[in-house]
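Below is one structure; the comments refer to it alone.
Numbers restart at 1 for each chain; the letters A, B, ... are given by sequence-line order, proteins then strands. Given the structure is predicted, the values throughout are model-derived calculations rather than measurements.
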Amino acid sequence: MTEKVRVRFAPSPTGHLHLGGARTALFNWLYARHTKGTFILRIEDTDRTRSTEEYIESIIESLKWLKFDWDEGPYRQTDRFEIYRSYAKKLLKEDKAYYCYCSPEELERRRTEALAQGRPPKYDGRCKGLKEPPTGRIPVIRFIMPQEGETIVEDLIKGRVVFENANLDDLIIMRSDGTPTYNFTVVVDDVDMNITHVIRGDDHLNNTPKQIHIYRALGYDVPLFAHLPMILGADKTRLSKRHGAASALAYKEMGYLPDALVNYLARLGWSYGDQEVFSRAELIQYFSFENVGESPAIFNTEKLLWLNGFYVNKSRPEELGELVIPFLIKEKIIREGRTLDKDWLSKAIMTLKERSKTLVELANSLKYYIVEEVEYEPKAKDKFLNEKTLIYLVEVNEEFEKLEDFVAPEIEKIFKALIERHDTKLADIAQPVRVAMTGKTESPGIFDVLEILGKEKVLRRLEKAIKTIG
RNA sequence: GGUCCCAUCGUCUAGAGGCCUAGGACGUAGCCCUCUCAAGGCUAAAACACGGGUUCGAAUCCCGUUGGGACCGCCA
């Protein structure tokens, strides 16, 4: 019982790491870190036709981005075929498995027939104890499932789940091409890697009794199981590409912060009282299966976006400065290789981070600080750059030309003086200037915007605005 | 069709028989703050799927119904 916890995340590289997988990885990682146990990464690539190197790399990249560091692996099942073969041989020798010569076509036909007649599509075991194997056929190996009694799964999340063994059928553990199948490799690997807790999606709950029998046949204790509820799309079906961005990396590209995604994913199916925001340290400290829910959760992008905004706002500007560069390049705001002054960038980001929910938004807002020529939004231009506002722009321009120390407090003094002289409100002057500076009607505080742009750019933009009206 | 899982505001959830006039968060609406937009603060609308039990008492326990989901491959 005081055995050291060993858990694994075992994706199959037939696609990018999707959000469901990311959450499974997260809970495994959290449990390992919470118990000071070992987190193992294992790539389940036995399906050679669908697994690709590209996906393996993509999954690893996602895991790194999310900062789920693993202690062992990545192991690859394709490197371990000899192990599975020897275990299969052992089962054969002990009469716990047998060769089956039924062809895939026959199997498929029987399955559809059974389904059409409303019967469960269960293999009938006809090849078990075959005296004279047919010639010219390469067999598969099937594992003999017990047909009597029941199998009980004591799940850490679902509680006690009972299965009738009569519903189990002899499953294929080795294909005719000599490669092993999933339900066999998981068990062999989990045994071989001393896995103590199997934490996975509850789409695997139905596989569990089959696997339990394989553990027993192999002569090993079964690990503890924890089946996580699924993550669903807005239409309440299993999350997939149809629901828009379903891969973890897609969120990276959309300018999400890994900590925000992790925080969001953790709160999907897990809770700790009323707390919504968790640092990684808190997540590790508080994580427990008792607080994992049992019902599926719908993935809600709005809450994720809110959390991301929260994390962006909370991040240090220097940190965001580093992170936003790739997005500035991607959005074609700066050329690759161009460097921005770090202190200046931090100052600019300071004004923007509380109003940016993603790094993409941040990059796009940064645009008007960086580019040479502002573009006016037509509506903004019509409303604020006209004969009525011309006088303010001209006077602001005149005052700025004389201003030596071009900083926010000095700029503010100029505005104050102008307000008094014209007996007007700040908004009447600030808005036209804002449009002249940013092309938009919304921006950070105008004094900060002006300081960050700097005297030279400000004067140029004022002159352009004045010219536009005239 | 069979097996299994699940069921509290639109969404994520708190709730371990009396603390529940069901709490928090996102989103929505309103107000405050305010040079705009945000951020922040305050307020509001919004849920125990249904029916039976058990109990002095049920969102909480049991059964059923309904609804949703997953799985039933020589995929994982």
(Q) Would you say the ring centers of His204(A) and Tyr182(A) fall short of 6.0 Å from each other? (A) yes
Q) Contact class for His204(A) (heavy atom, under 4.0 Å): base, sugar-phosphate, or nothing? A) base
Q | Any side-chain donor near an acceptor of the partner, Glu395(A) and His422(A), under 3.5 Å | A | yes
Q. Is a donor-acceptor pair below 3.5 Å formed from side chain Lys303(A) to base rC12(B), judging by atom type as modelled?
A. yes
Q: Would you indicate what Arg111(A) reaches in the nucleic acid, counting non-hydrogen atoms under 4.0 angstrom: base, sugar-phosphate, or nothing?
A: sugar-phosphate
Q: Compare the minimum distances between each of rC12(B), rC4(B), rA76(B) and the side chain of Thr181(A), then state the nucleotide with the smallest one.
A: rA76(B)
(Q) Please report the distance separating the P of rC63(B) from the corresponding atom of rC5(B), rounded so that it comes out in whole Å. (A) 11 Å
Q: Quickly, which of Gln77(A), Arg50(A), Arg76(A) forms a side-chain hydrogen bond (donor to acceptor under 3.5 Å, both in side chains) with Asp45(A)? Name it, please.
A: Arg76(A)
Q) Which one, rG69(B), rC12(B), rU3(B), comes nearest to the side chain of Asn167(A)? A) rU3(B)
Q) Which is true for Glu276(A) with a 4.0 Å heavy-atom rule: it touches a base, it touches only sugar-phosphate, or it touches nothing? A) base
Q.
Nearest to the side chain of Thr46(A), heavy atoms from C-beta on, is which of rU13(B), rC4(B), rA76(B)?
A. rA76(B)
Q: Please evaluate the base of rG24(B) for a donor-acceptor partner in the side chain of Gln275(A) within a cut-off of under 3.5 Å?
A: no
Q: Find the partner of rC9(B): check Watson-Crick (N1-N3 plus N6-O4 or O6-N4) and G-U wobble (N1-O2, O6-N3) distances, both under 3.5 Å, and reply none if neither fits.
A: none
Q: Classify the ring geometry between Tyr101(A) and Tyr99(A) as parallel (under 30°), tilted (30 to 60°) or perpendicular (over 60°).
A: tilted
(Q) Please classify the nucleic acid contact of Phe163(A) as base, sugar-phosphate, or nothing, using heavy-atom distances under 4.0 Å. (A) sugar-phosphate
Q | P atoms of rG52(B) and rG57(B), separation to the nearest Å | A | 15 Å
Q) Roughly how far apart, to the nearest Å, are rG27(B) and rU11(B) at atom P? A) 16 Å
Q: Determine the contact category for Ser443(A): base if any of its heavy atoms lies under 4.0 Å from a base atom, sugar-phosphate if only primed atoms, P, OP1 or OP2 are that close, otherwise nothing.
A: base
Q | C1' gap between rC9(B) and rU65(B), integer Å | A | 24 Å
Q) Using atom C1' of each nucleotide, how far apart are rA14(B) and rA47(B) to the nearest Å? A) 13 Å
Q) What nucleic acid atoms does Pro11(A) come within less than 4.0 Å of, heavy atoms only: base, sugar-phosphate, or nothing? A) nothing
Q | Gap in Å between the two P atoms, one belonging to rG30(B) and one to rG69(B), rounded | A | 35 Å
Q: Please work out if Gly269(A) contacts a base, only the sugar-phosphate, or nothing of the nucleic acid, heavy-atom cut-off 4.0 Å.
A: sugar-phosphate
Q: Looking at every strand, decide which applies to Lys357(A) at a 4.0 Å heavy-atom threshold: base, sugar-phosphate, or nothing.
A: sugar-phosphate
Q) Do Lys347(A) and Tyr369(A) meet the cation-pi criteria used here (NZ or CZ under 6.0 Å from the six-membered ring centre, within 45° of the axis)? A) no
Q.
What contact category does Val277(A) fall into here, base, sugar-phosphate, or nothing, at under 4.0 angstrom with non-hydrogen atoms?
A. nothing
Q.
If you assign Asp169(A) and Thr441(A) each to the RNA chain B nucleotide with the nearest heavy atom, which residue ends up on the more 5' nucleotide?
A. Thr441(A)
Q: Report yes or no: is there a donor-acceptor pair, N or O only, under 3.5 Å between the side chain of Arg434(A) and the base of rC35(B)?
A: yes
Q: For Phe447(A) and for Glu302(A), find the nucleotide of RNA chain B with the closest heavy atom, then tell me which residue's nucleotide is more 5'.
A: Glu302(A)
Q) How far does the P atom of rA29(B) sit from the matching atom of rA39(B), given to the nearest Å? A) 13 Å
(Q) Give me the distance, rounded to whole Å, that separates rG40(B) from rC26(B) when you measure between the P atoms they each carry. (A) 8 Å
Q: Report the C-alpha distance between Phe184(A) and Phe143(A) in whole Å, list the side-chain angles of each, state the deciding distance to 0.1 Å, and finish with yes or no for ring-ring contact (aromatic ring centres under 6.0 Å, His included).
A: CA-CA 9 Å; Phe184(A) 187 50; Phe143(A) 176 82; 8.0 Å; no
Q: Classify the nucleic acid contact of Ile446(A) as base, sugar-phosphate or nothing, counting any heavy atom under 4.0 Å across all strands shown.
A: base
